[in-house]
Amino acid sequence: MTERATTASGPVSSPDTPALRRLQDLPGPRPWPLVGNALQFDRPHVHQDMEALARAHGPCFLVSFMDMPVLVVADHALTHQIMRARPHDFSRSRRLEREMRDLRLKPGLFNAEGETWHRQRRMVMAGFTPQRVRAYFPAMLRVLQRLQTRWQRAATEGAPIDLQADLMRYTVDTITGLAFGQEVNTLEAEGDVIQRHLDVIFPTLFNRVLGVVPYWRLFKLPSDHAVDRSVAEVHRAIADFMARARERLRQDPARRENPPNLLEVFLVAAEQEGSGVGDDDVTGNVLTMLLAGEDTTANTLAWMIWLLHKHPQVLARARDEVRAAAPNGLADFTPELMDSLDYLGACAHETMRLKPVGPFMPVEALRDMVIGDVAVPAGTLIWNVLRHESVSEQHVPQAAAFQPERWLAEHNPAKNLSIPFGSGPRICPGRYLALLEIKMAMALLLSAFDIVDVRTDDGGEARETMAFTMGPSPLTLVLRTASPVSDTLRASSA
């Protein structure tokens with residue numbers, strides 16, 4: 001990274017760069033005394049509140065949380081430049097760092113900065129290469145088989161499926177197997193320690209980051225003691241996994257040449273001379289994978305199933321692609337077959353454009369700089385609204401429509417606007433794994449089952465809710481066993 005990073009309109013570097021506006025010159029909602037705009041946001045829908053303000057006030061505006069000014073950026077060119085300037089010019093917010101530290105969540109790649117980030121990035125990327133993920137494919141198939149058995153039982157009994165809960169089990173089983181090298185079977189054994197405690201930790205972290213009064217530093221409610229116990233249990237589980245992994249490496253030194261799971265990749269990398277990586281770094285990154293790998297993929301799948309059900313023609317095309325490529329269902333699944341499912345992949349990308357699980361990205365300026373035409377002092381929080389332009393008619397034709405085919409077109413304006421995995425040096429290292437998980441689960445669903453219904457508790461539209469990631473309100477899935485492919489083809493011909 002050079003000394004002078006740039007935005008779309010000029011340097012993001014010197015405080016002497018002429019700027020047209022200061023933070024206080026920007027438009028924005030009128031703050032209330034003492035609390036600023038903090039109480040004007042509905043926490044579970046804060047992303048929608050920010051998007052509405054962007055439509056009202058333009059691509060750069062000012063809000064305040066208590067006495068802290070926040071620059072909100074809803075311009076994709078500026079956001080790309082900000083992301084490319086990380087981690088040297090921008091970091092995660094100090095508030096997030098403080099709350100993770102108070103919860104005793106060890107730092108991983110998600111919230112590491114500076115040289116720590118560089119060391120950990122090399123270690124994590126070594127474990128997430130497509131080659132390593134493909135090597136894990138047989139284990140992913142075993143998890144998928146358990147999901148099929150679970151859903152087959154529900155289909156046979158005509159029983160409704162708690163969609164998000166089952167998808168969380170699927171993603172937890174997949175990521176823990178990949179991360180730890182041993183199976184954690186939540187699909188068949190209800191309420192495993194990992195999933196149970198992650199479901200407590202994740203929402204608490206989100207609520208504390210956006211909390212107005214940090215009461216938990218003065219006294220703790222029963223819910224705060226519960227989350228402390230959950231963090232301790234997860235750390236104990238990870239320590240046990242690490243001990244077992246070290247024992248496997250000791251008993252079979254050949255594993256060091258090609259570690260079969262991410263935890264062993266991390267441990268071997270940490271042992272290298274000059275790595276600068278210790279047990280806390282390994283623990284932090286395993287925990288980061290659990291936190292990030294559960295909610296993000298599961299919520300994307302839930303949104304995708306909802307959208308496909310709401311668009312029968314799209315569903316039919318995706319189903320036909322899968323059944324033509326894999327007439328024998330799970331028995332035909334290979335990494336190469338998953339890669340070949342172009343329309344299914346387009347459905348995933350279109351889902352992430354309309355319903356990104358990370359619809360915003362807060363960062364903090366590490367020095368005085370200029371963003372666009374705004375002078376930004378060091379320490380300013382910049383709230384990047386990631387979805388605003390990717391669903392705007394000004395930038396994407398028929399932006400509100402669910403049209404996966406746009407991702408198969410030679411020219412797709414949404415491609416540079418939709419960044420569900422981020423961009424720049426800190427782009428998500430697990431994006432290949434996430435897309436493979438999504439394709440595998442959807443290919444299973446479309447090959448083995450017919451979707452009878454996907455519904456909300458009240459029978460209305462699925463509502464967006466933020467709890468560190470953005471997911472739909474609770475969904476119920478009803479399935480029936482699919483007709484044999486030959487029968488389907490005969491019906492289509494008729």
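In this structure, R150 and R146 have side chains that are not in contact, with every pair of non-hydrogen atoms separated by 4.5 Å or more. A 4.5 Å side-chain heavy-atom check between I419 and H80 finds at least one atom pair inside the cut-off. Residues C347 and E350 are not in side-chain contact: their nearest non-hydrogen atoms beyond the backbone lie 4.5 Å or more apart. For the pair W303/M470, a side-chain contact is recorded, criterion being any heavy-atom separation below 4.5 Å from C-beta on. Side-chain contact between F360 and E51 is absent, with no heavy atoms from C-beta onward closer than 4.5 Å. No side-chain heavy atom of L386 sits under 4.5 Å from any side-chain heavy atom of P359. Two residues are said to be in side-chain contact when any heavy atoms from C-beta on lie closer than 4.5 Å; H349 and K415 fail this criterion. In this structure, the side chains of C60 and L78 come closer than 4.5 Å at one or more pairs of heavy atoms.
Note that the CD1 atom of I371 and the CG atom of D75 stand 11.0 Å from one another [nearest 0.5 Å]. For the atom pair CE of M140 and CG of L436, the computed distance is 4.0 Å after rounding to the nearest 0.5 Å. With values rounded to the nearest 0.5 angstrom, F90 atom CZ is found 11.0 Å from M83 atom CE. To the nearest 0.5 Å, atom CG of residue D89 and atom CZ of residue R367 are 4.0 Å apart. Taking CG of L354 as the start and CD of Q403 as the end, the distance is 9.5 Å to the nearest 0.5 Å. In this structure, F202 CZ and L105 CG are separated by 10.5 Å, a value rounded to the nearest 0.5 Å.
For F219 and Y215, the distance between ring centers is under 6.0 angstrom.
Checked for salt-bridge contact, R169 and D173 miss the test: no charged N lies under 4.0 Å from a carboxylate O. Ion pair E461/K310 flagged as a salt bridge, since at least one NZ, NE, NH1 or NH2 atom sits closer than 4.0 Å to an Asp/Glu carboxylate oxygen. Ion pairing between D224 and R208 holds under the 4.0 Å rule for side-chain N and carboxylate O. Using a 4.0 Å cut-off between a side-chain N of Lys or Arg and a carboxylate O of Asp or Glu, R229 and E233 do not qualify as a salt bridge.
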(request) Go through Q48 and R387 one step at a time and tell me if the side chain to side chain contact (heavy atoms under 4.5 Å, CB included) criterion holds. (result) CA-CA 10 Å; Q48 294 173 319; R387 182 171 60 171; 4.2 Å; yes

(request) Would you please test V63 and F65 for side chain to side chain contact (heavy atoms under 4.5 Å, CB included) and show each step? (result) CA-CA 7 Å; V63 301; F65 290 99; 4.2 Å; yes

(request) Carefully, step by step, assess I305 and L475 under the rule side chain to side chain contact (heavy atoms under 4.5 Å, CB included). (result) CA-CA 10 Å; I305 292 168; L475 298 175; over 6 Å; no

(message) Would T176 and F241 count as a side chain to side chain contact (heavy atoms under 4.5 Å, CB included) here? Give the steps.
(response) CA-CA 10 Å; T176 50; F241 287 134; 5.8 Å; no

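With sequence neighbours left out, W216 forms a ring pair (Phe, Tyr, Trp, His ring centres under 6.0 Å) with no residue at all.
The neighbour count for Q398 CD, taken as heavy atoms of other residues, nucleotides or ligands under 6.0 Å away, does not exceed 12. Counting heavy atoms of neighbouring residues, nucleotides and ligands inside a 6.0 Å radius, atom CZ of R217 exceeds 12 of them.
A donor-acceptor pair shorter than 3.5 Å can be found between the side chains of E389 and H76.
The aromatic rings of W151 and F449 lie perpendicular to each other, with more than 60° between the two planes, well past the 30° mark.
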